[in-house]
Engineer: 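Can you read through this structure? Questions will come right after.
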Amino acid sequence: MIVLDEVVVRYPGAQRPAVDGASLLVKTGESVALVGPSGSGKTTLLRAINRLVPITSGTILVDGVAVESLQDKALRALRTRLAMIAQHHDLVDRLRVHQNVMAGALGRWSSLHALRYLAFPLRGELDEARNALARVGIAEKLRAPTSALSGGERQRVAIARALVQQPHAILADEPIASLDPELAEQIVALLTTLAKESGIALICSLHQVQFADRYFDQIVRLEGGRLERLKSSVA
Ligand SMILES: Nc1ncnc2c1ncn2[C@@H]1O[C@H](COP(=O)(O)OP(=O)(O)OP(=O)(O)O)[C@@H](O)[C@H]1O
Ligand SMILES: [Mg+2]
């Protein structure tokens with residue numbers, strides 16, 4: 001569960017806070033669309049949740065733990081529980097698809113294990129990568145070079161990598177920004193369905209509200225850092 005209580009983020013030297021008193025409650029398996037114009041604070045809010053950006057005041061609780069209090073090992077543990085999917089997918093082009101997918105396991109693997117995997121992946125590990133790819137509908141791309149994928153396929157690989165991380169929550173920052181409308185809807189449907197099936201909380205920023213209503217339990221809108229509720233969960 002993720003709880004935001006009156007969260008304020010002010011960047012050093014900025015006149016106005018980028019996030020200005022945002023409160024939100026996201027339960028396990030629940031999905032939230034975060035909409036709003038460019039510069040409204042969407043990325044800042046998502047980055048504050050896994051402490052990539054420090055909060056100025058307020059509280060963020062992830063599974064009951066205040067993220068602002070975490071350091072070192074506890075902070076790393078928090079970040080393995082929160083999978084990030086970025087707007088410009090950060091896949092490594094010169095790796096094979098399964099290698100990018102299994103980068104999601106880095107939080108539970110030692111560096112030596114990760115290096116060994118790159119050279120000699122074991123069958124069980126490849127099965128795990130294949131299963132994650134099957135859940136996003138592209139199991140046949142297991143050994144493909146990442147550089148040969150389409151935009152939609154790359155976004156699916158980024159989602160598969162997030163699943164391998166076995167996260168409690170997925171923070172997706174405009175995961176559909178570079179996709180055509182039909183593909184965008186497919187990816188949103190996939191993300192929200194996977195989150196529900198696996199009991200993962202999902203917060204997903206989007207530029208447009210179109211089709212958000214069909215897929216998300218909650219819709220909130222940021223405008224100048226202020227958060228407004230457009231759709232609340234029924235429960
Ligand atoms: N690292 C930073 N340092 C200072 N100011 C920043 C930083 N990152 C963002 N800002 C400012 O904070 C505000 C919110 O930016 P943010 O990137 O969170 O918006 P956004 O809603 O994600 O926009 P977009 O839709 O364009 O991605 C903007 O005014 C931006 O200029
Ligand atoms: Mg942004």
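In each ligand, atom 1 is the first atom listed, and ligand 1 is the first ligand listed. Side chains included, hydrogens not; waters and symmetry mates left out as well; all remaining heavy atoms used. Worth saying up front: this structure is predicted, and the values here are computed from it rather than measured.
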Engineer: Considering only protein heavy atoms, which is closest to atom 25 (O) of ligand 1, and at what distance to one decimal place?
Structural biologist: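 Answer for atom 25 (O) of ligand 1: Lys42 NZ, 2.7 Å.
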Engineer: For Ile187 and Ile159, work out which heavy atoms get closest and say how close.
Structural biologist: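 The pair with the smallest heavy-atom distance is CG2-CD1, 3.9 Å.
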Engineer: Looking only at protein heavy atoms, which one is nearest to atom 27 (O) of ligand 1, and how far off is it?
Structural biologist: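 It is Glu174 OE2, 3.6 Å.
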Engineer: Short question: side chain of Glu6, backbone of Thr59 - any donor-acceptor pair under 3.5 Å?
Structural biologist: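 No; zero donor-acceptor contacts below 3.5 Å.
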Engineer: Taking all heavy atoms of Ala22 and all of Val19, pick out the closest pair and write down the distance.
Structural biologist: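 It is CB-CG1, 3.8 Å.
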Engineer: Do protein heavy atoms approach atom 8 (N) of ligand 1 to less than 4.0 Å?
Structural biologist: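 Protein heavy atom within 4.0 Å of atom 8 (N) of ligand 1: present.
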Engineer: Taking atom types as modelled, is there a side-chain donor on Asp173 or Thr43 under 3.5 Å from an acceptor on the other?
Structural biologist: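 On atom types as modelled, these side chains qualify, holding a pair under 3.5 Å.
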Engineer: Strictly below 4.0 Å, N to O, side chains only: are Arg221 and Glu223 in salt-bridge contact?
Structural biologist: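 Judged by the 4.0 Å cut-off on N to carboxylate O distance, Arg221 and Glu223 do form a salt bridge.
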Engineer: For a side-chain contact (heavy atoms from CB on, under 4.5 Å) with Leu91, tell me which candidate from Asn100, Val101, Val97 qualifies.
Structural biologist: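 Among Asn100, Val101, Val97, the one that satisfies the side-chain contact (heavy atoms from CB on, under 4.5 Å) with Leu91 is Asn100.
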Engineer: Measure the distance from atom 17 (O) of ligand 1 to every protein heavy atom, then report the residue, atom name and distance (to 0.1 Å) of the closest one.
Structural biologist: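 For atom 17 (O) of ligand 1, the nearest protein heavy atom is Thr43 CB, 3.8 Å.
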Engineer: Taking all non-hydrogen atoms of both residues into account, name the closest pair between Ile49 and Val67 and its distance.
Structural biologist: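 For Ile49 versus Val67, the nearest heavy atoms are O-CG1, 3.6 Å.
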Engineer: Could you identify the single nearest non-hydrogen protein atom to atom 26 (O) of ligand 1 and state the distance to 0.1 Å?
Structural biologist: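 Looking at atom 26 (O) of ligand 1, the protein heavy atom closest to it is Ser38 OG, 2.5 Å.
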Engineer: Crowded around Leu122 CG? As in, over 12 foreign heavy atoms under 6.0 Å?
Structural biologist: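 Enclosed.
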Engineer: Give the atoms of ligand 1, by number and element, whose distance to some non-hydrogen atom of Pro37 is under 4.0 Å.
Structural biologist: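 So the atoms of ligand 1 that pass are 21 (O).
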Engineer: May I ask you to list the atoms of ligand 1 that are less than 4.0 angstrom from any heavy atom of His207?
Structural biologist: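 Selected atoms, number and element: 25 (O).
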Engineer: Examine the proximity of ligand 1 to Pro12 and report which part, side chain or backbone, both or neither, has a heavy atom under 4.0 Å away.
Structural biologist: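 Neither; nothing of Pro12 gets under 4.0 Å from ligand 1.
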Engineer: So, with waters excluded, how many protein N/O/S atoms does the Mg ion (ligand 2) have closer than 2.8 Å?
Structural biologist: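 Atoms of protein N, O or S type lying less than 2.8 Å from the Mg ion (ligand 2) total 1.
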Engineer: Check whether any side-chain heavy atom of His207 sits under 4.5 Å from a side-chain heavy atom of Glu174, and report yes or no.
Structural biologist: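 Touching, per the 4.5 Å side-chain cut-off.
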Engineer: Below 3.5 Å, N or O to N or O, backbone or side chain included: is there any such pair between Gly41 and ligand 1?
Structural biologist: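 Between Gly41 and ligand 1, an N or O pair is found under 3.5 Å apart.
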Engineer: What residue and heavy atom of the protein are closest to atom 29 (O) of ligand 1, and at what distance?
Structural biologist: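 Minimum-distance protein heavy atom for atom 29 (O) of ligand 1 reads Gly39 O, 4.0 Å.
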Engineer: Out of curiosity, Leu133 CG to Ile138 CD1, how far, rounded to the nearest 0.5 Å?
Structural biologist: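 CD1 of Ile138 is found 5.0 Å from CG of Leu133.
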Engineer: What are the two closest non-hydrogen atoms of Ile176 and Ala184, and how far apart are they?
Structural biologist: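 Scanning both residues, the minimum pair turns out to be CG2-O, 3.5 Å.
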Engineer: For a quick test of reading the model, state the closest non-hydrogen atom pair linking Arg51 to Glu68 and the distance between them.
Structural biologist: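 Heavy-atom minimum between the residues: NH1-O, 3.5 Å.
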Engineer: Who's the nearest protein heavy-atom neighbour of atom 10 (N) of ligand 1, and how far?
Structural biologist: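 Of every protein heavy atom, Tyr11 CE1, 3.3 Å lies nearest to atom 10 (N) of ligand 1.
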Engineer: Specify the protein heavy atom at minimum distance from atom 18 (O) of ligand 1: its residue, its atom name, and the distance to 0.1 Å.
Structural biologist: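 The answer is Thr44 OG1, 2.5 Å.
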Engineer: Quick check: does Gly36 get an N/O under 3.5 Å from an N/O on ligand 1?
Structural biologist: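 No, no N or O pair falls under 3.5 Å.
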